[in-house]
Amino acid sequence: MELVQEEKMQHEIDALVARGIEEIQKAGSLREVETLRVQFFGKKGSLAELQKTLGSLPVEERPAFGARMNDARARLGEVLDTKNADLEEQSLNVKLAAESIDISLPGREQREGGLHPVSDVSRQIFRIFESMGFTVLDGPELEEEYYNFDALNIPVHHPAREDQDSFYVGEGRLLRTQTSPMQIRTFERFAPPLAAISPGKCFRRDAVDATHLHTFHQVEGFLVDKGVSMADLKGVLTTFAHRMFGSETRIRFRPDFFPFVEPGAEVAISCFACGGKGCRTCKQTGWIEIGGAGMIHPAVFKSVGYDYQEWSGFAFGMGIERIVMKKYGVPDIRMFYENDMRFLSQFH
Ligand code: PHE
């Protein structure tokens, strides 16, 4: 009778362990494992319930029962821990797989950018004039008629003021047609001696064709000091031409008229493509026109309050697109602003 009871108890413990292992194996999440742990090991759990039957056993059987219960606890605890570890590893693997970087995939190609040819040549121009002591100044694109015309000795009736040449925005303002107004703005701010260049956008209501755009770039240059002569102007522009187009380059001045200089000159350089013999780049003339220049007119000095008996100076203005076109053989000025990568990437 006592033996029967002992066997029965053992059977119950074994059954509990077997059922427990089965349930734990089936658990699909860490949360389920925790619930099972409570079901078996909790204060009111299955193991605690079974433990209560200890009291109903004869004293001599209690140690054996206790030992068996300990084995059951150890076994179930072990299975729970293993399951827990398995599930943790599984979820880590899922996470790693989701976050993994496929190192066999080729990288995305990064296109390297570069300066626009007009910006690039502008910087070359800055460097050359800076090395000769010129400062680089920036000026407004929306300009007052006074700076664009009046102060530059361009009277009201002058044809350059005509509506078809300029973009007027009202109230005596227009998009500047040249960078020369920066002469006036600079002379107003600084006392001589001085030397500066001022690059930037200019605007004209020209019909657009292969050599004309409504928006283009110029660089203005000017120097004021005592006893400045046309020879200084020619020396500075010759140095510029040598550095920009090569040391064989010659400079040619021909008389020209600009209201704010006297005398005035058209500036050309000997063709760097043929050396002056005549070719396509120079249209068979041997010369390439790059801008205008001259000695600053006394009327300009008067308008800014400089004493024209004491000071003298020169000024020049060049078209930047024109220089780039000649330097690189670009046939049409419109190509600069069409944003065609096949064109632009040739300059990098
Ligand atoms: N501003 C003149 C032009 O646009 C060029 C120039 C500048 C001429 C300075 C003489 C002196 O044509």
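Bear in mind the structure is a predicted one, so any value in this text is a computation, not a measurement.
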What's the verdict on salt bridge (charged side-chain N to carboxylate O under 4.0 Å, His left out) for Glu49 and Lys52, showing C-alpha distance, side-chain angles and the deciding distance? CA-CA 5 Å; Glu49 287 299 317; Lys52 283 186 197 155; 3.2 Å; yes
Tell me if a side-chain donor or acceptor on [X] pairs with a main-chain N or O of [Y] at a distance below 3.5 Å.
{"X": "Ser119", "Y": "Leu115", "answer": "no"}
{"X": "Gln218", "Y": "Thr179", "answer": "yes"}
{"X": "Asp81", "Y": "Glu78", "answer": "no"}
{"X": "Lys201", "Y": "Phe216", "answer": "no"}
{"X": "Asp209", "Y": "His212", "answer": "yes"}

For the residue pair Arg243 / Ser131, report whether a side-chain donor-acceptor contact shorter than 3.5 Å exists.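 Yes, Arg243 and Ser131 have a side-chain donor paired with an acceptor closer than 3.5 Å.
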Tell me yes or no: between the side chains of Gln183 and Glu220, is some donor less than 3.5 Å from an acceptor?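 Yes, side-chain donor-acceptor contact under 3.5 Å.
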Gap separating the [atom1] atom of [X] from the [atom2] atom of [Y], nearest 0.5 angstrom:
{"X": "Arg123", "Y": "Glu130", "atom1": "CZ", "atom2": "CD", "answer": "11.5 Å"}
{"X": "Leu30", "Y": "Ser91", "atom1": "CG", "atom2": "OG", "answer": "6.0 Å"}
{"X": "Ser29", "Y": "Gln90", "atom1": "OG", "atom2": "CD", "answer": "11.0 Å"}
{"X": "Glu12", "Y": "Thr53", "atom1": "CD", "atom2": "OG1", "answer": "6.5 Å"}
{"X": "Gln39", "Y": "Lys44", "atom1": "CD", "atom2": "NZ", "answer": "14.5 Å"}
{"X": "Met325", "Y": "Thr211", "atom1": "CE", "atom2": "OG1", "answer": "6.5 Å"}

Looking at [X] and [Y], does any basic side-chain N land under 4.0 Å from a carboxylate oxygen?
{"X": "Glu22", "Y": "Arg19", "answer": "no"}
{"X": "Arg322", "Y": "Glu289", "answer": "no"}
{"X": "Lys327", "Y": "Asp120", "answer": "no"}
{"X": "Glu34", "Y": "Arg37", "answer": "yes"}
{"X": "Glu145", "Y": "Arg161", "answer": "yes"}
{"X": "Arg68", "Y": "Asp14", "answer": "yes"}

Can the ring centres of [X] and [Y] be said to be less than 6.0 Å apart?
{"X": "Phe272", "Y": "Phe245", "value": "yes"}
{"X": "Tyr306", "Y": "Phe187", "value": "yes"}
{"X": "His217", "Y": "Phe336", "value": "no"}

So Phe253 and Phe316, ring pair (Phe, Tyr, Trp, His ring centres under 6.0 Å) or not? Walk me through it. CA-CA 12 Å; Phe253 277 15; Phe316 58 85; 10.0 Å; no
Is the count of non-hydrogen atoms from other residues, nucleotides or ligands lying under 6.0 Å from Glu338 atom CD greater than 12?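 Atom CD in Glu338 is packed in, count exceeds 12.
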Residue from Asn148, Asp165, Asp206 passing side chain to side chain donor-acceptor pair (under 3.5 Å) with Thr177: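 For Thr177, the side chain to side chain donor-acceptor pair (under 3.5 Å) check succeeds only for Asn148.
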Qualifying residue, where the test is side chain to side chain donor-acceptor pair (under 3.5 Å) with Tyr147 and the options are Arg185, Glu188, Arg173: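 Answer to the side chain to side chain donor-acceptor pair (under 3.5 Å) test with Tyr147 among Arg185, Glu188, Arg173: Glu188.
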What orientation do Phe129 and Phe134 show, parallel under 30°, tilted 30 to 60°, or perpendicular over 60°?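 The rings of Phe129 and Phe134 stand perpendicular, inter-plane angle above 60°.
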Can you label the angle between the Phe167 ring and the His214 ring as parallel, tilted or perpendicular, going by 30° and 60°?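 Perpendicular: the ring planes of Phe167 and His214 meet at over 60°.
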Test side chain to side chain donor-acceptor pair (under 3.5 Å) applied to Thr238 and Arg250, step by step: CA-CA 7 Å; Thr238 301; Arg250 283 162 293 130; over 6 Å; no
Tyr328/Phe347 under ring pair (Phe, Tyr, Trp, His ring centres under 6.0 Å): CA gap, chis, key distance, verdict: CA-CA 9 Å; Tyr328 296 108; Phe347 295 90; 5.2 Å; yes
Do Phe343 and Val208 sit in the same hydrophobic cluster, where Ile, Leu, Val, Met, Phe, Trp and Tyr count as joined when their side-chain heavy atoms come under 4.5 Å apart?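 In one cluster: yes.
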CA sep, side-chain torsions, deciding dist, call: Ser166, Phe203, side-chain contact (heavy atoms from CB on, under 4.5 Å): CA-CA 7 Å; Ser166 316; Phe203 311 84; over 6 Å; no
Indicate the atoms forming the closest heavy-atom contact of Ala210 with Asp332, along with that distance.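 Minimum heavy-atom separation between Ala210 and Asp332: CA-OD1, 3.4 Å.
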